[in-house]
Amino acid sequence: AAAAGSTSQGSEATLDIGRHAGAGIQLRGWLVAPIQLQIVRDGPGHRVRHIAGLRKLRLNGKVVRDAKLADGDRFEVAGASFQYVASRPG
């Protein structure tokens with residue numbers, strides 16, 4: 001089974017998600033790669049990228065490897081679900 005914490009990316013350019021102890025969000029499970037996903041800055045927004053592992057990345061229900069994130073997008077991997085919330089000024 002997988003578990004996820006919550007985090008705020010702040011000014012970091014990349015957020016690692018996976019089993020590795022240094023990942024910004026840690027997932028558990030033997031099918032989870034040390035770095036399963038990355039959230040990377042892409043101009044004013046972000047992208048989600050599947051880096052490694054047997055568990056597929058699903059964005060709004062569709063399997064993807066690399067995709068731009070929009071406010072409200074939902075993505076899941078290895079039994080963990082996330083929702084992307086774009087920063088709002090003010």
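These numbers come from the heavy atoms of this one structure, side chains and all, not from hydrogens, waters or symmetry mates. One is the number of the first residue; the rest follow in order along the sequence. This one's a predicted model, so the numbers in the text were calculated from it and none came from an experiment.
With Val48 as the fixed residue, the side chain to side chain contact (heavy atoms under 4.5 Å, CB included) test singles out one of Leu15, Asp66, Val40, Leu69: Leu69.
Every residue meeting the side-chain contact (heavy atoms from CB on, under 4.5 Å) condition with Lys68, not counting sequence neighbours, appears here in chain and number order: Asp42, Arg47.
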Enumerate donor-acceptor pairs with a distance under 3.5 Å from any side-chain N or O in residues 56-63 to protein atoms, sequence neighbours excluded.
residue: Arg58; atom: NH1; partner: Gly61; partner atom: O; Å: 3.4
residue: Asn60; atom: OD1; partner: Arg74; partner atom: N; Å: 2.9
residue: Asn60; atom: ND2; partner: Asp73; partner atom: OD1; Å: 2.8

Sequence neighbours left out, cut at 3.5 Å: what donor-acceptor pairs do the side chains of residues 30-38 make with other protein atoms?
residue: Gln36; atom: OE1; partner: Ala33; partner atom: N; Å: 2.8
residue: Gln36; atom: NE2; partner: His50; partner atom: NE2; Å: 3.4
residue: Gln36; atom: NE2; partner: Ala52; partner atom: O; Å: 3.1
residue: Gln36; atom: NE2; partner: Arg55; partner atom: O; Å: 2.9
residue: Gln38; atom: NE2; partner: Asp16; partner atom: OD1; Å: 2.8

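By the 4.5 Å heavy-atom criterion applied to side chains, Asp71 and Val85 are counted as neighbours.
When every heavy atom of Glu76 is checked against every heavy atom of Ser81, the shortest pair comes out as CB-OG, 3.9 Å.
In this structure, the separation between CD1 on Ile17 and CD on Gln26 is 11.5 Å, given to the nearest 0.5 Å.
Note on ring orientation: taking the six-membered ring where Trp is involved, the planes of Phe82 and Phe75 are parallel (angle under 30°, cut-offs 30° and 60°).
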